[in-house]
Amino acid sequence: PLKFSDDIAVPRSRIADLLEQTAEAAQKTGMRTAAYGHLGDGNLHINFLCESQEQRKSANVVRLELMK
């Protein structure tokens, strides 16, 4: 019911790092994620799928950290 969707660009050499960080954050917070994108240019769409307002707050913290 609650979702954040971001468009994050990273160097191609760091795509695996971003996906790993996203998976770790999802595991810690109990939320689901979905990622897809344009791997050739490092443009990824990271989605945080939240089931509560509490998870949404956690997702916001995580997504801001990922963008740093």
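Computed from a prediction, not measured in an experiment: that's the story for all the values here.
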What is the minimum heavy-atom distance between G42 and I15, and which atoms define it? CA-CD1, 4.0 Å
Would a 4.5 Å heavy-atom cut-off, applied to side chains only, mark D7 and L44 as touching? no
Shortest non-hydrogen pair, K3 vs S5, comes out as NZ-CB, 3.9 Å
Which residues pass the side-chain contact (heavy atoms from CB on, under 4.5 Å) test with T33, sequence neighbours left out? T22, A26, F48
Shortest non-hydrogen contact from F4 toward R63: CG-CD, 3.5 Å
Sequence neighbours excluded, the answer for ring pair (Phe, Tyr, Trp, His ring centres under 6.0 Å) partners of H38 is H45
Linked, directly or transitively: I8 and L64 (ILVMFWY side chains, under 4.5 Å): no
Using every non-hydrogen atom in the two residues, find where C50 and M31 come nearest and quote the distance to one decimal. SG-SD, 4.1 Å
The salt bridge (charged side-chain N to carboxylate O under 4.0 Å, His left out) partners of E24 (sequence neighbours excluded) come to none
Test question: given the 4.5 Å side-chain rule for I, L, V, M, F, W and Y, name all other residues clustered with L2, or answer none. none
Find the distance between CZ (R14) and CG (L18) and round it off to the nearest 0.5 Å. 9.0 Å
Which residue pairs satisfy the salt bridge (Lys or Arg N to Asp or Glu O under 4.0 Å) criterion with at least one member in residues 39-55, sequence neighbours excluded? R32-E51
Applying salt bridge (charged side-chain N to carboxylate O under 4.0 Å, His left out) to E20 and not counting sequence neighbours gives none
Is there a side-chain contact between Q55 and T29 in this structure, where contact means two heavy atoms from C-beta onward sitting under 4.5 Å apart? no
Transitively linked via ILVMFWY side-chain contacts under 4.5 Å: V62 with M67? yes
Quick one: do L39 and V10 end up in the same hydrophobic cluster if we chain Ile, Leu, Val, Met, Phe, Trp and Tyr together by side-chain heavy atoms under 4.5 Å apart? yes
